[in-house]
Amino acid sequence: FAVDLDPNADALDRRLIGRDSRKKLTKKRRWLEEFGPVVLRRAETEAEAKTVLDAFFRQKAQRLDALGITNPFALPRTQRFLREAARSGLDRGTPALEIWALWAGDRVAAAFGGCSDGHRLSGTFISFEPDPVMMRSSPGELLVRDLVRASCQRGLASFDLGIGDEGYK
């Protein structure tokens with residue numbers, strides 16, 4: 001999934017997502033709001049990045065374990081690398097690895113890490129809360145939609161989730 005962005009996030013949203021799908025996503029957001037206010041935020045401090053990365057590592061471990069897949073994110077060197085990339089440049093507002101989270105109340109419903117050159121945001125990982133009640137709201141899909149909108153609003157030219165055939169792409 002890669003898309004050229006439009007400064008008008010609403011127009012892009014209508015172009016990318018059909019009317020019925022937009023209605024379903026609105027309903028799913030209401031479900032997620034049962035956990036508290038739903039908000040997309042980029043980690044701006046080391047503490048915020050740590051909190052979101054901790055949630056990502058836990059979510060990814062549960063997901064990959066359920067699928068019987070070896071978890072490359074469990075390796076200490078992988079975790080150190082991602083944590084350092086999230087810290088590098090954070091004090092200047094330009095982290096090497098941007099860490100985003102879709103929060104539902106005080107819970108990280110979905111997490112995203114990506115790199116930006118100021119023109120494009122390219123995803124490197126995504127996870128979502130495996131809680132069955134929370135999963136019915138498709139938090140990963142909501143995160144991607146909100147992230148595309150945020151990328152439009154910050155003036156980026158393109159957004160890329162990389163290869164794969166997941167539904168949210």
Side-chain angles (χ1 to χ4, degrees), residues 1-7 9 12-13 16 32 37-67 69-131 134-135 138-169:
F1 174 84
V3 64
D4 291 332
L5 299 176
D6 185 320
L12 181 63
D13 199 51
L16 293 176
L32 192 57
V38 175
V39 95
L40 175 72
R41 285 195 322 255
R42 186 175 98 166
E44 299 295 335
T45 67
E46 285 188 35
E48 290 172 355
K50 180 186 182 317
T51 297
V52 176
L53 283 170
D54 287 348
F56 165 74
F57 293 132
R58 179 187 51 77
Q59 291 169 355
K60 192 56 83 170
Q62 288 176 301
R63 176 84 170 143
L64 295 177
D65 185 55
L67 295 172
I69 298 172
T70 302
N71 181 3
F73 297 103
L75 297 171
R77 68 178 180 262
T78 302
Q79 291 187 13
R80 276 193 309 273
F81 174 80
L82 292 176
R83 290 183 193 284
E84 181 56 35
R87 280 192 302 269
S88 179
L90 188 61
D91 58 337
R92 296 183 306 277
T94 55
L97 178 66
E98 293 186 12
I99 303 297
W100 290 82
L102 184 70
W103 291 86
D106 62 354
R107 293 178 67 183
V108 174
F112 172 91
C115 300
S116 177
D117 63 0
H119 303 285
R120 172 189 203 101
L121 179 59
S122 296
T124 55
F125 62 77
I126 192 167
S127 68
F128 54 87
E129 183 58 47
D131 174 335
M134 194 173 271
M135 279 180 62
S138 302
E141 193 171 352
L142 292 171
L143 174 137
V144 169
R145 183 183 189 198
D146 286 3
L147 197 49
V148 167
R149 294 180 66 79
S151 296
C152 289
Q153 292 165 351
R154 73 187 253 209
L156 297 181
S158 62
F159 180 82
D160 177 7
L161 280 177
I163 61 171
D165 60 359
E166 290 81 1
Y168 58 84
K169 291 183 179 186

Undergrad: Could you tell me whether the side chain of Leu147 reaches within less than 4.5 Å of the side chain of Phe159, counting heavy atoms only?
TA: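 The answer is yes, as the side chains (C-beta and beyond) meet within the 4.5 Å cut-off.
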
Undergrad: Please walk me through it: do Leu32 and Leu102 pass side chain to side chain contact (heavy atoms under 4.5 Å, CB included)?
TA: CA-CA 10 Å; Leu32 192 57; Leu102 184 70; 3.9 Å; yes

Undergrad: Before giving the answer on side chain to side chain contact (heavy atoms under 4.5 Å, CB included), spell out for Leu121 and Leu5 the whole-Å C-alpha distance, their side-chain angles and the decisive distance to 0.1 Å.
TA: CA-CA 10 Å; Leu121 179 59; Leu5 299 176; over 6 Å; no

Undergrad: Is the shortest side-chain heavy-atom distance between Cys115 and Leu97 below 4.5 Å?
TA: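 Cys115 reaches Leu97 side chain to side chain.
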
Undergrad: Is the shortest heavy-atom distance from the side chain of Val38 to the side chain of Trp103 under 4.5 Å?
TA: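 Result no, sub-4.5 Å side-chain heavy-atom pair not found.
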
Undergrad: Tell me, please, which residues at least two apart from Phe73 pass ring-ring contact (aromatic ring centres under 6.0 Å, His included).
TA: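 Phe73: ring-ring contact (aromatic ring centres under 6.0 Å, His included) contacts with Phe56.
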
Undergrad: Could you give the distance from CD (Gln59) to CE (Met134), rounded to the nearest 0.5 Å?
TA: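 Here the interatomic distance stands at 9.0 Å.
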
Undergrad: Quick check for you: to the nearest 0.5 Å, what is the distance between Ile99 atom CD1 and Leu82 atom CG?
TA: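 CG of Leu82 is found 7.0 Å from CD1 of Ile99.
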
Undergrad: Let me confirm one number: the CG-OG1 distance from Asp91 to Thr45, rounded to the nearest 0.5 Å.
TA: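 OG1 of Thr45 is found 12.0 Å from CG of Asp91.
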
Undergrad: Do Phe125 and Leu53 make a side-chain contact, defined as non-hydrogen atoms from C-beta onward lying under 4.5 Å apart?
TA: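 Contact flag for Phe125/Leu53 side chains = yes.
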
Undergrad: Do you know which two heavy atoms are closest between Ala101 and Leu143, and how far apart they sit?
TA: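 Here Ala101 and Leu143 meet closest at C-CD1, 4.1 Å.
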
Undergrad: Do Pro72 and Leu64 have side-chain heavy atoms sitting under 4.5 Å apart?
TA: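 Side-chain contact under 4.5 Å: yes.
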
Undergrad: For the atom pair CZ (Arg149) and CG (Asp6), what is the distance rounded to the nearest 0.5 Å?
TA: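 Taking CZ in Arg149 and CG in Asp6, the distance rounds to 11.0 Å.
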
Undergrad: Work out which heavy atom in Arg42 is nearest to a heavy atom in Glu48; give both atom names and the distance.
TA: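 Looking at all heavy atoms of both residues, the shortest contact is O-OE1, 3.9 Å.
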
Undergrad: Are the side chain of Glu84 and the backbone N or O of Arg80 linked by a donor-acceptor pair below 3.5 Å?
TA: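 Answer holds: no.
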
Undergrad: Side-chain contact, heavy-atom cut-off 4.5 Å: Trp100 with Leu40?
TA: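 In short, these two side chains touch, coming nearer than 4.5 Å.
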
Undergrad: Quick one: side chain to side chain donor-acceptor pair (under 3.5 Å) partners of Ser122, sequence neighbours excluded?
TA: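 Listed in chain order: Arg120.
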
Undergrad: For a quick test of reading the model, state the closest non-hydrogen atom pair linking Ile126 to Lys60 and the distance between them.
TA: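 For Ile126 versus Lys60, the nearest heavy atoms are O-NZ, 3.0 Å.
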
Undergrad: Under a 3.5 Å distance rule, please check whether Glu129 uses its side chain to pair with a backbone N or O of Arg107 as donor and acceptor.
TA: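 Here the side-chain-to-backbone pair does not exist.
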
Undergrad: Checking salt bridge (Lys or Arg N to Asp or Glu O under 4.0 Å) for the pair Arg41/Asp146: CA distance, chi angles, key distance, verdict?
TA: CA-CA 10 Å; Arg41 285 195 322 255; Asp146 286 3; over 6 Å; no

Undergrad: What heavy-atom pair brings Cys152 and Leu12 nearest, and what distance separates the two atoms?
TA: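 Nearest heavy atoms, Cys152 then Leu12: SG-CD2, 3.4 Å.
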
Undergrad: Using every non-hydrogen atom in the two residues, find where Ala109 and Ala104 come nearest and quote the distance to one decimal.
TA: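 Residues Ala109 and Ala104, closest heavy atoms: CB-CB, 4.2 Å.
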
Undergrad: Just checking, any donor-acceptor pair under 3.5 angstrom between side chains of Arg58 and Gln62?
TA: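 On atom types as modelled, these side chains qualify, holding a pair under 3.5 Å.
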
Undergrad: For the backbone of Ala47 and the side chain of Thr51, can you confirm whether one donor and one acceptor N or O come within less than 3.5 Å of each other?
TA: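 Judged by distance alone, yes, a pair lies under 3.5 Å.
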
Undergrad: Less than 4.5 Å apart, side chain to side chain, heavy atoms only: is that true for Phe112 and Glu98?
TA: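 Side chain of Phe112 against side chain of Glu98, heavy atoms only: no contact under 4.5 Å found.
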
Undergrad: Which heavy atom of Gly118 sits nearest to which heavy atom of Leu156, and what is that distance?
TA: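 Shortest heavy-atom contact: O-CD2, 3.3 Å.
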
